[in-house]
Amino acid sequence: MTSVLIGNARLLPVDETMSVVEPGWIHIEGDTIQALGAGEPPHVEGAEIIDANGDVVMPGMVNPHAHLAMTLFRGLGEDVDDRLFRYVLPMERKFVSPEMVRVGTLLGALESIEAGVTTIADMYYYETEVGRALDRAGLRGVVGQTLATFDPPDHKTIDEGFALVEELVAEFSGHERIIPSIAPHAPYSTDVDVMARVARWAQDHPRVPVQLHLAEMDSEMEWCRKTHGLRPVAVVEKAGLLRPGLIAAHCLHIDPFEIERMARAGVGVAHNARSNAKAGRGIAPVEAMRAAGIPVGIATDGPMSGNTLDLFSQFGPVSMFQKLLGHSRKPMPAREVIRMATLEGARVLGLDGRIGSLEAGKQADLIRIDLSAPRMQPVYDIYASLVFSAMPADVRDVMVGGRWIMRERSVESLERRKILRDAGQIAAAFKAEMARIDAAG
Ligand SMILES: [Zn+2]
């Protein structure tokens, strides 16, 4: 069993008071955090000793909503108003395959690791491939097979969709890092019948988390009102899906009554600040949700909507949008942003008992962040430095379940050059297809 002792660190355990332990040490045995403390590290026979040289050591970050394979669509048709119908949906139908999902997910996994993200909740198609890719990357994942009625690339009927879910569950149940999940796309793209079927299925599979997009768009509000005379949260509740462990992405259009209902039901929210802002959709009432007791994690959404898969580029918008709403500097202090990016994101995924903070007995998912870049100096409040100054390039080492998957900025679990080459090849086919679509008018 590997034994690692990291000393001389600026340790951020993400505890109740968001304490900073400086200098601090942490001892890892196998996949588990054995102990941590302040001052000089104890002697541990046979341990690999690492001097962190004052660097930050904190929990690995948790991204509770992404579509990793969509890295391959990043920046495509960026300023074209109808890009979704002109390019994306036709191209998804034509190109999404197990191979495309594998390559796109590996590219997303590489980017996530280099940015210090150690757990990702994903929802896309051919999700078994996503699980395999994240496993290969050494990451932790909640992998959600999408179900939708808009003729998605991997299932013609909902029965076929459920068969894919069953395959996913069969392959990954009991896996130490990959958790299978079921992902009805959204109220308007599944409707009550499918969501009710998912709710019944989830009742029989209590360990399988449910993910969906909720209360995201004006058109969704309109659809729910016209079809059911209800708002989206009520449609989900009618289907029996407003239940403990539901991972709801977005939640922009929710009122105080709905916040209460969601809090009581035990729903967690994945907040996608950048993706929401880029589409001009609005600002989620994060402060109100958290005040009501709803866990809210910081998510990236797909790289087509939010461009990057790192949480650092979300931190500014997450904090600033709440300050704008509150007309004050006070809302969403930096330390709360880091809590959301770690422990609270883990709670959204139902994993806070295992990951999200540095605590004896938890899984050793941790990252080391270098503070030597000029933009990181001086440090008065380490949380402000991380939220407003840090970038993915400052992440130096990444450990998941006691295994180093990146050291000195070099990802050890994946072949970087091959992934970039494979992604480039698929992007070339995408470009040719875009040219064909444009030539057709
Ligand atoms: Zn999404």
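Nearest heavy atoms, Glu412 versus Trp404: OE1-O, 3.9 Å. Contact detail for Ile178 and Leu139: the closest heavy-atom pair is CD1-O, 3.9 Å. Closest heavy-atom contact between Gln314 and Thr300: NE2-CA, 3.7 Å. Considering every non-hydrogen atom in both Glu344 and Ile294, the closest pair reads OE2-O, 4.1 Å.
One N or O on the side chain of Gln322 and one on the backbone of Ala284 form a donor-acceptor pair closer than 3.5 Å. In this structure a side-chain-to-backbone donor-acceptor pair under 3.5 Å is missing from Asp31 to Gly402. Formation of a donor-acceptor pair under 3.5 Å by the Arg281 side chain with backbone atoms of Met217 is not found in this model. The closest donor-acceptor contact from the side chain of Ser112 to the backbone of Gly108 lies under 3.5 Å. In this structure a side-chain-to-backbone donor-acceptor pair under 3.5 Å is missing from Asp154 to Tyr125. A donor-acceptor distance shorter than 3.5 angstrom exists from the side chain of Arg274 to the backbone of Gly306, with no hydrogens or angles considered. Remark: side-chain polar atoms of Lys323 are paired, donor with acceptor, to backbone N or O of Arg329 under 3.5 angstrom. Put simply, the side chain of Ser305 never gets that close to the backbone of Ser275: no donor and acceptor are under 3.5 Å apart. The main-chain N or O of Ser189 is found under 3.5 Å from a side-chain atom of Thr149 such that the two form a donor-acceptor pair.
Going from atom CD1 of Ile369 over to atom CE of Met391 covers 13.0 Å, rounded to the nearest 0.5 Å. Atom CD1 of residue Ile113 and atom CG of residue Asp310 lie 14.0 Å apart, to the nearest 0.5 angstrom. Interatomic distance, CG of Leu212 versus OG1 of Thr190, reported as 7.0 Å (0.5 Å rounding).
Asp159 and Arg197 are joined by a salt bridge, as a carboxylate oxygen and a charged side-chain nitrogen come within less than 4.0 angstrom of each other. The pair Glu336-Arg339 meets the salt-bridge criterion, with a side-chain N (NZ, NE, NH1 or NH2) lying under 4.0 Å from an Asp/Glu carboxylate O. A salt bridge does not link Arg10 with Asp55: every distance from a Lys NZ or Arg NE/NH1/NH2 to an Asp or Glu carboxylate oxygen is 4.0 Å or more. Under 4.0 Å is where a charged nitrogen must lie from a carboxylate oxygen, and between Arg140 and Glu176 no such pair does.
Remark: the His250 side chain and the Asn276 side chain contain an N/O donor-acceptor pair separated by less than 3.5 Å. For the 3.5 Å distance criterion, the side chains of Arg243 and Gln203 fail to qualify, holding no donor opposite an acceptor. Between the side chains of Asp122 and Gln211, no donor-acceptor pair of N or O atoms lies under 3.5 Å.
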Evaluation steps, side-chain contact (heavy atoms from CB on, under 4.5 Å), between Met399 and Met406: CA-CA 7 Å; Met399 175 185 274; Met406 182 170 87; over 6 Å; no
message: Determine whether Leu110 and Val411 satisfy the following criterion, side-chain contact (heavy atoms from CB on, under 4.5 Å), listing intermediate values before the conclusion.
response: CA-CA 7 Å; Leu110 196 56; Val411 176; 4.0 Å; yes
- request: Evaluate the side-chain contact (heavy atoms from CB on, under 4.5 Å) criterion for residues Tyr126 and Thr105: first the C-alpha distance (whole Å), next the side-chain angles of each, then the deciding distance (0.1 Å), finally the verdict.
  value: CA-CA 11 Å; Tyr126 300 110; Thr105 304; over 6 Å; no
message: For a ring pair (Phe, Tyr, Trp, His ring centres under 6.0 Å) check, start with the C-alpha distance between His213 and His65, then their side-chain angles and the critical distance, and finish with the verdict.
response: CA-CA 9 Å; His213 296 107; His65 180 71; 4.8 Å; yes
message: Please evaluate residues Leu358 and Asp15 with respect to the criterion side-chain contact (heavy atoms from CB on, under 4.5 Å), reporting the C-alpha separation (whole Å), side-chain torsions for both, the decisive distance (0.1 Å), and the verdict.
response: CA-CA 8 Å; Leu358 304 181; Asp15 52 16; over 6 Å; no
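Among Glu237, Glu258, Glu220, the single residue meeting the salt bridge (charged side-chain N to carboxylate O under 4.0 Å, His left out) criterion with Arg231 is Glu258.
Looking at residues two or more places apart in sequence or on another chain, you find a side-chain hydrogen bond (donor to acceptor under 3.5 Å, both in side chains) between Tyr124 and Glu92. Contacts of Glu78 classified as side-chain hydrogen bond (donor to acceptor under 3.5 Å, both in side chains), with partners at least two apart in sequence or in another chain: Lys278, Asn307. Under the side chain to side chain contact (heavy atoms under 4.5 Å, CB included) criterion, Ala9 pairs with Leu11, Ala52, Val57, sequence neighbours left out. By the side chain to side chain contact (heavy atoms under 4.5 Å, CB included) test, Ala215 is found to be paired with Pro232, His253, Ile254, residues two or more places apart in sequence or in another chain being considered. Taking the side chain to side chain contact (heavy atoms under 4.5 Å, CB included) definition, one finds that Glu359 meets it with Ser357, Lys362, sequence neighbours left out. For Glu222, the side-chain hydrogen bond (donor to acceptor under 3.5 Å, both in side chains) test picks out Arg225, with sequence neighbours left out. Qualifying side-chain hydrogen bond (donor to acceptor under 3.5 Å, both in side chains) partners for Asp151, counting only residues two or more places apart in sequence or in other chains: Lys156. Residues satisfying the side chain to side chain contact (heavy atoms under 4.5 Å, CB included) test with Glu433, not counting sequence neighbours, are Met91, Lys94, Phe95, Arg436, Ile437.
Aromatic pair His155/Phe162: ring centres not closer than 6.0 Å.
Sorted pairs that involve residues 322-343 and meet ring-ring contact (aromatic ring centres under 6.0 Å, His included), not counting sequence neighbours, are lacking altogether. Residue pairs satisfying the ring-ring contact (aromatic ring centres under 6.0 Å, His included) criterion with at least one member in residues 279-303, sequence neighbours excluded, are absent. Residue pairs satisfying the side-chain hydrogen bond (donor to acceptor under 3.5 Å, both in side chains) criterion with at least one member in residues 68-77, sequence neighbours excluded, are listed as follows: Arg74-Glu111.
For CZ of Phe257, the number of neighbouring non-hydrogen atoms (other residues, nucleotides, ligands) closer than 6.0 Å is 12 at most. Around atom CZ of Arg409, more than 12 heavy atoms belonging to other residues, nucleotides or ligands sit under 6.0 Å away. Annotation for Arg136: atom CZ does not count as buried by contact number, only 12 or fewer foreign heavy atoms lying within 6.0 Å.
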Show me the side-chain donor-acceptor pairs of residues 164-172 shorter than 3.5 Å, one per line, residues at least two apart or across chains.
from, atom 1, to, atom 2, distance (Å)
Glu166, OE2, Trp201, NE1, 3.0
Glu171, OE1, Arg132, NH2, 2.9
Glu171, OE2, Arg132, NE, 2.8

